[in-house]
Amino acid sequence: MTTEETTQVATEPLGDWRRDTNCGVPRLEHVGREFTAMGWVATRRDHGGIVFIDLRDRTGILQVVFDPDDSPDAHRRAHGLRSEWVIAVRGRIAARPAETVNPDLPTGQVELRVQELRVLGSSRALPFALDDDDQTNESVRLKHRYLDLRRPRLTHNLLSRHRATSAVRRYLDEQGFVDLETPILTRSTPEGARDYLVPSRVNPGSVYALPQSPQIFKQILMVAGFERYYQVCRCFRDEDLRADRQPEFTQIDLEMSFVGQEDVLRLTEGLLVAGASAIGAPPPETPFPRMTYHEATTRFGTDRPDTRFGLELVELSDLLRETKARILAEVVARGGIVSGIVADDGARLSRRELDELVAWVQTLGAGGLAWIRANEDGWQSPLAKFFDEGERERICERTGLRVGGVLFLVAGPRKHAQSVLGQLRLRLAQMLGKIPEGRWNYLWVTEFPLLEENAEAKRLVAVHHPFTAPFEEDLDKLESAPESVRALAYDVVLNGTELGGGSIRIHRPEVQARVFRALGIDPEQQREQFGFLLDALSFGAPPHGGLALGLDRLCMLWLGESSIRDVIAFPKTQRAADPMSDAPAPPAPGQLRDLGLRPI
RNA sequence: GGGGUCGUAGCUCAGCUGGUUAGAGCGCCGGCCUGUCACGCCGGAGGUCGCGAGUUCGAGCCUCGUCGGCCCCGCCA
């Protein structure tokens with residue numbers, strides 16, 4: 001039978017039938033009631049003399065029974081039903097015989113005995129099975145996303161996401177926030193991610209940019225006097241994709257006037273409690289632990305530490321200044337550091353696994369990875385022969401290295417060595433099974449530096465963005481020691497993933513001018529790039545600050561998924577394409593001409 | 001831009017050292033079946049081995065290129 005023939009099954013109109021129960025609803029208390037249910041044929045079990053259908057709607061599954069004793073006509077027609085047909089059934093709820101109760105279904109104690117059947121829609125044979133454990137290639141699933149979304153797990157994910165979003169909106173509404181929209185067609189801003197550009201037909205040669213975030217507009221809304229703004233808004237960044245990065249993603253974006261950092265953090269904690277509770281994840285305990293940027297990078301090698309396990313970094317530079325392992329001593333002499341991680345059960349790793357780690361670290365661009373394995377009969381290490389007795393004792397004392405453990409060492413410029421160890425730490429935790437299940441470690445990282453050296457541009461750039469306020473007490477170092485100035489910026493982290501971040505903004509024009517000067521942005525550039533914000537700030541700007549949270553990532557973590565694609569209805573592939581609609585596509589003839597564009 | 005990995009029936013996969021007519025499970029189609037819930041039993045259809053070159057007497061298998069999925073580095077203020 002061909003596909004075309006399959007689709008030629010006669011379907012019936014809905015007529016005056018109306019649904020009066022959902023599939024997930026009926027229980028023993030409904031026995032004897034007459035119901036009309038509608039949904040999709042999830043599975044059929046045709047025994048000839050009797051036919052069972054699992055009927056599915058978004059609320060769950062109900063077993064419906066076609067028995068000739070109830071209706072010979074419905075029973076005869078039930079043989080023709082197929083997977084994913086849409087049907088309406090009318091009948092009576094009955095208790096199942098005791099031995100046929102299905103404990104795996106919430107409705108498993110009852111069934112609907114069908115008196116009348118209407119076939120509302122037929123279905124072609126499916127391109128893939130709608131099981132939660134189906135491993136079908138993702139491009140096939142995305143091409144038929146409407147089918148993929150019928151899988152209970154994805155249905156559950158999107159319904160849960162809706163509950164979380166609704167709860168967040170309710171929470172912010174209660175806190176006096178106003179939901180305001182900002183432009184999607186906006187102006188490209190310098191630095192940051194690559195923009196998606198939209199050419200303007202009525203202004204040939206000019207383009208809009210899609211917003212990377214509504215940053216400037218929400219600050220202007222503060223100047224406009226709205227005091228508290230929020231938006232669940234789409235943001236666009238034309239960068240390469242990852243499991244937790246899509247070209248368009250959703251932020252919970254908010255901004256508040258007349259507040260300091262503490263107010264934003266407390267409000268955000270409440271928001272996360274509301275969202276987690278609504279989605280069914282454990283609500284976090286508040287207040288969240290705090291950690292400075294300095295502590296995070298020193299102890300964990302990253303500004304988004306996963307504190308669910310140890311394996312912390314230990315610096316050894318001062319012990320190894322004079323060591324005969326020249327490869328280490330030279331790095332210290334040049335101003336770099338030697339830092340390490342002890343895995344107290346690291347001896348479980350085979351020589352081969354250790355070698356693979358060394359090779360892997362090299363792919364991160366590190367000079368190398370040294371390891372010291374503390375065996376019963378002494379140290380085993382490519383560097384063992386360089387260390388004398390005193391050094392060994394001091395290293396063990398500092399790091400806690402004991403028999404059965406392995407010490408991993410990385411030497412290099414401070415930032416780089418820490419970052420490599422931070423990544424090694426995560427990898428070790430995975431290999432050694434040190435990441436506990438069911439832990440939800442929320443954490444604030446604070447006191448980010450305001451500015452940092454950009455290696456490529458060889459100048460200072462803003463760590464957060466150019467409107468981030470410096471610490472008041474660090475202001476006098478802005479010219480003398482700009483890199484030591486701390487920012488009133490903060491990130492919220494969950495289990496090593498950055499959920500979002502924000503800052504208190506500069507609302508005083510003279511401070512903004514000094515920061516621009518430190519960034520090397522001259523007044524002409526300031527006007528050109530940020531003129532409208534500077535204008536706004538000059539007309540009575542309240543102190544203000546805010547933050548943005550990645551809603552997709554939040555839902556992913558709360559729901560235990562490993563990709564944000566599983567919490568987005570219509571995500572894109574790694575090449576930023578949509579296999580269902582075939583976007584992006586070449587422009588139609590004439591479209592480019594209308595826009596005043598020519599292919600290069 | 002770079003690294004890794006995968007691509008064989010609708011789906012998931014097997015396919016030995018390059019050798020006859022490319023297999024399995026699920027799904028699909030037909031038949032039987034009155035208590036199943038991964039129903040069962042019998043039968044059947046279904047293949048551009050991603051695509052293109054090359055090597056070879058001979059390529060699903062080897063080489064090169066290319067397209068696509070996923071993971072990662074760079075990138076993501």
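Chain letters run A, B, ... following the sequence lines, proteins first, then strands; residues in each count from 1.
Between the P atom of B:rC76 and the CZ atom of A:Arg304 lies a distance of 14 Å, rounded to the nearest Å. Rounded to an integer number of Å, the gap from A:Gln135 CD to B:rC13 P is 7 Å. Atom pair A:Arg124:CZ and B:rC29:C1' shows a separation of 16 Å (rounding to whole Å applied). Rounded to an integer number of Å, the gap from A:Ile521 CD1 to B:rA77 P is 15 Å.
No hydrogens or angles were tested; on distance alone, a donor-acceptor pair under 3.5 Å links the side chain of A:Arg245 to the base of B:rC76. The base of B:rG35 is paired with the side chain of A:Arg113 by a donor and an acceptor separated by under 3.5 Å.
Contacts of A:Ser213 with the nucleic acid, taken as non-hydrogen atoms under 4.0 Å apart, include base atoms.
Less than 6.0 angstrom separates the ring centroid of A:Phe52 from the ring centroid of A:His47.
Pair assignment for B:rG52: B:rC64, on the basis of Watson-Crick or G-U wobble contacts that are both within less than 3.5 Å. Look at B:rC70: its Watson-Crick or wobble partner, with both distances under 3.5 angstrom, is B:rG4. Base pairing annotation: B:rG27 forms no Watson-Crick or G-U wobble pair, as no partner gives both donor-acceptor distances under 3.5 Å. Pairing partner, B:rU36: none, since no Watson-Crick or wobble contact has both distances short of 3.5 Å.
Ring planes of A:Trp444 and A:Tyr490: perpendicular class, angle over 60° (limits at 30 and 60°). Ring orientation note: the planes of A:Tyr146 and A:His144 are nearly perpendicular, at an angle over 60° on the 30°/60° scale.
In this structure, A:His156 has no ring pair (Phe, Tyr, Trp, His ring centres under 6.0 Å) partners at least two apart in sequence or on a different chain. Legend: residues meeting ring pair (Phe, Tyr, Trp, His ring centres under 6.0 Å) with A:His294, ordered by chain and number and at least two apart, are absent. In this structure, the ring pair (Phe, Tyr, Trp, His ring centres under 6.0 Å) partners of A:Phe516, at least two apart in sequence or on a different chain, are A:Phe530. Taking the salt bridge (Lys or Arg N to Asp or Glu O under 4.0 Å) definition, one finds that A:Arg575 meets it with nothing, sequence neighbours left out. Remark: A:His30 engages A:Phe35 in a ring pair (Phe, Tyr, Trp, His ring centres under 6.0 Å) (not counting sequence neighbours).
How far CD of A:Gln215 is from CD of A:Gln219: 5.0 Å, rounded to the nearest 0.5 Å.
Each of A:Ala577 and A:Arg194 lies near RNA chain B, and the nucleotide nearest A:Ala577 is the one positioned closer to the 5' end. Two residues, A:Glu239 and A:Asn137, neighbour RNA chain B, and the one matched to the more 5' nucleotide by heavy-atom proximity is A:Asn137.
Judged by the 6.0 Å and 45° rule, A:Arg486 forms a cation-pi pair with A:Phe471.
Side-chain atoms of A:Arg82 lie closest to B:rG30 of the nucleotides B:rC75, B:rC11, B:rG30. Candidate nucleotides B:rA77, B:rG1, B:rU34 were compared by shortest atom distance to the side chain of A:Asp240, and B:rG1 ranks first.
Note on residues 544-557 of chain A: pairs passing salt bridge (Lys or Arg N to Asp or Glu O under 4.0 Å), not counting sequence neighbours, are A:Arg161-A:Asp552, A:Asp244-A:Arg553. Residue pairs meeting the side chain to side chain donor-acceptor pair (under 3.5 Å) criterion with at least one partner in residues 50-63 of chain A, sequence neighbours excluded, are A:Asn22-A:Asp57, A:Thr43-A:Asp54, A:Arg45-A:Asp54, A:Arg45-A:Gln63, A:Arg56-A:Glu84, A:Asp57-A:Thr59, A:Gln63-A:Glu111. The salt bridge (Lys or Arg N to Asp or Glu O under 4.0 Å) pairs that include a residue from residues 412-435 of chain A are A:Glu315-A:Arg414, A:Asp344-A:Lys434, A:Asp345-A:Lys434, A:Lys415-A:Glu452, where partners are two or more places apart or lie in different chains.
A salt bridge is defined here as a Lys NZ or Arg NE, NH1 or NH2 lying under 4.0 Å from an Asp or Glu carboxylate O, and A:Asp253 with A:Lys218 meets this definition.
Between B:rC75 and B:rG69, the distance separating the two P atoms is 24 Å to the nearest Å. For the C1' atom pair drawn from B:rC49 and B:rU12, the interatomic distance equals 16 Å after rounding to whole Å.
For the contact set between residues 489-501 of chain A and RNA chain B, defined by any heavy atom under 4.0 Å, there are no members.
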Nucleotide N/O of nucleotides 37-44 of chain B paired with protein N/O under 3.5 Å:
unit_1 : atom_1 : unit_2   : atom_2 : d
B:rC37 : O4'    : A:Arg45  : NE     : 2.9
B:rC37 : O2     : A:Gln63  : OE1    : 3.4
B:rC37 : O2     : A:Asn102 : ND2    : 3.1
B:rC37 : N3     : A:Arg96  : NH1    : 2.7
B:rC37 : N4     : A:Arg96  : NH1    : 3.4
B:rC37 : N4     : A:Thr100 : O      : 2.2
B:rC39 : N4     : A:Asp46  : O      : 2.4

What are the atom names and distances for every N/O pair under 3.5 Å that joins the protein to nucleotides 70-72 of chain B?
unit_1 : atom_1 : unit_2   : atom_2 : d
B:rC70 : OP1    : A:Gln574 : N      : 3.3
B:rC70 : OP2    : A:Gln574 : N      : 2.9
B:rC70 : O3'    : A:Arg565 : NH2    : 3.1
B:rC71 : OP1    : A:Arg565 : NH1    : 3.3
B:rC71 : OP1    : A:Arg565 : NH2    : 2.9
B:rC71 : OP2    : A:Arg565 : NH1    : 3.4
B:rC71 : N4     : A:Gln574 : OE1    : 3.4
B:rC72 : OP2    : A:Ala243 : N      : 3.3

N/O-N/O pairs, protein side and nucleotides 7-9 of chain B side, under 3.5 Å:
none

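At least one side-chain heavy atom of A:Leu147 sits less than 4.5 Å from a side-chain heavy atom of A:Phe128.
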